[in-house]
Amino acid sequence: MAETGKPADGFKRGVLFWIGVLALFTAAMANALRVATSGAIQHGVFDPIDAAHSGQMIGGALGAAFGGFALSLLVVSPLLDIVGVKRVLIVASLAYVAGSILIIAAPSLGGDVPTLITAGMALTGIGWGCTEGSINPMTAALYPEDKTHRLNVLHAWWPAGLVVGGLLGVFLNAQNTDWRIEIALIIIPGALLGVWAATQQFPKTESAALGVSFNAMLMEPFKHPTFWIFFGIMFLTASTELAPGAWVDVALTHVVGMQGVLLLVYVSALMFVMRHFAGALAHRISDMGLLWFCTLPAAGGLYLLSVANSPTTAIIGATVWAFGVCFMWPTMLAAVSHRYPRGGSWTIGLTGVAGAGAIQFVLPKLGAIYDQAKAANGGSEVAAAAQSFQSVALIPCVLFVIFGIVWLAERRKKFGDATAASVAAE
């Protein structure tokens, strides 16, 4: 069994957990509002600049948030115990606020407007990276014996933020509200996060609780090469979950006869409910078993989204996809934390970096596939949407094989260890 630190006693666990909830809720709300405004930014800002490549431009801008996420997560993760969770969350707060202001102001600043908008989105992504880099190891330290359940409950508030941000976007879009006003809404919870975090004291990470030195923590993933298997897996799981979620408004709004962001809201509501049951499911079949079962509906749902041509078919595809992806991100974090607790915030953070880096790579590729398919099919948005979603649907098919191999290998090792222990006892 993996070595586990003691609970972080002496801290207001409930209060700190809810600060983590607010931080992740803010990141998700920001993500949803970026998606909800992406069509308006593409057609209102990027089309007049370069209509032939506006899909790739908005894909790159959306992907920049994930790039900022990956970069800040890579920096924050090894330094979390040195800098402190409080300071990191305050930086996250400032990034949410400053990034939103830059996006809003970009069209009025002159110069290279797409670059300014991309930079603003990257800055909000830095806030997200600081959030994930701090709240995940904090939660693992607060609840070391209940990581899978607590991390899934914490990350249930990611889809909750998507629901709130998505519904706000839909309502404001229906009122023909300027997209700048929608982006400005990110500032409210972003500022509240910084104020609340400044009033609390936060624990050290689990590796610190185990007495692991800074250098030993940094070396942990290199001492255990199997960690890099999980790093690679996270690259693929994030591509399956987050890339399509960020792409639905651009790709499906004009195809299925409803705003694509409504699909994101619907899927997120399902995920909010289902993530509260992850702990019980993982206890029955293990975290790897749970992830293996998730791959089939994920692939099927993405294919159904690729051929959706009405609100009804889009909802069916989104439902199947939601059942596939709902547990992936938090369960991967919990799986790494269970297997490599001495890596603390570093191994958890590296796993998140893999996920974020995947989206930074995948979203512009989706935009390029979309533009190429649209050009090749006489401007058909139906063909462009189909080809972009079908390209992502291949990823969970690969994961089906990988998760199956890892699950089987771990079950055999567990059985072998149990048999050896039984023989020794006799």
Side-chain angles (χ1 to χ4, degrees), residues 21-46 57-69 92-107 114 116-132 157-193 241-253 258-269 271-272 356 359 363:
V21 165
L22 175 61
L24 195 59
F25 178 91
T26 303
M29 181 177 166
N31 186 73
L33 288 170
R34 288 193 301 266
V35 172
T37 58
S38 60
I41 295 173
Q42 178 189 3
H43 297 300
V45 180
F46 293 163
M57 291 165 70
I58 190 62
L62 292 171
F66 294 92
F69 172 33
S93 170
L94 294 173
Y96 289 133
V97 173
S100 300
I101 291 173
L102 181 56
I103 295 170
I104 293 166
L116 291 173
I117 290 178
T118 299
M121 291 194 176
L123 193 52
T124 61
I126 288 173
W128 180 16
C130 290
T131 291
E132 290 262 2
W157 290 91
W158 171 267
L162 295 180
V163 168
V164 172
L167 289 177
L168 282 170
V170 169
F171 173 76
L172 294 173
N173 287 344
Q175 308 303 312
N176 295 317
T177 304
D178 192 303
W179 61 265
R180 297 169 186 83
I181 295 176
E182 298 180 45
I183 293 295
L185 294 174
I186 301 168
I187 296 172
I188 299 171
L192 178 59
L193 169 64
E241 176 185 350
L242 295 180
W247 190 243
V248 289
D249 188 63
V250 173
L252 292 182
T253 295
M258 66 183 292
Q259 290 187 57
V261 72
L262 282 176
L263 288 176
L264 183 61
V265 168
Y266 169 68
V267 166
S268 299
M271 292 171 68
F272 176 76
I359 311 308
L363 275 178

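All values below come from the heavy atoms of this structure, side chains included, with hydrogens, waters and symmetry mates left out. By convention here, the first residue in the shown sequence is residue 1.
Ring planes of W128 and F66: perpendicular class, angle over 60° (limits at 30 and 60°).
Remark: S100 engages T124, I183, I186, I187 in a side-chain contact (heavy atoms from CB on, under 4.5 Å) (not counting sequence neighbours). Not counting sequence neighbours, W179 has no partner by the ring pair (Phe, Tyr, Trp, His ring centres under 6.0 Å) test. Residues satisfying the ring pair (Phe, Tyr, Trp, His ring centres under 6.0 Å) test with F272, not counting sequence neighbours, are W157, H276.
Of the inter-residue distances, the one linking N173 atom CG with D178 atom CG reads 10.5 Å to the nearest 0.5 angstrom. The distance from atom CG of L168 to atom CD of E182, rounded to the nearest 0.5 Å, is 8.5 Å. Here CZ of R180 is found 12.0 Å from CD1 of I103. Values are rounded to the nearest 0.5 Å. A distance of 8.5 Å separates CG of L62 from CG of N31, quoted to the nearest 0.5 Å. Taking CZ of F69 as the start and OG1 of T131 as the end, the distance is 9.0 Å to the nearest 0.5 Å. Put simply, CD1 on I41 and CE on M57 are 11.5 Å apart, with the number rounded to the nearest 0.5 Å.
Of all the heavy atoms in P189 and M29, the pair that sits closest is CG-SD, 3.9 Å. In terms of heavy atoms, V163 sits closest to S268 at CG2-CB, 3.5 Å. When all heavy atoms are compared, the tightest approach of L33 to G165 is CD2-O, 3.4 Å.
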(message) For a side-chain contact (heavy atoms from CB on, under 4.5 Å) check, start with the C-alpha distance between L24 and E132, then their side-chain angles and the critical distance, and finish with the verdict.
(response) CA-CA 7 Å; L24 195 59; E132 290 262 2; 3.7 Å; yes
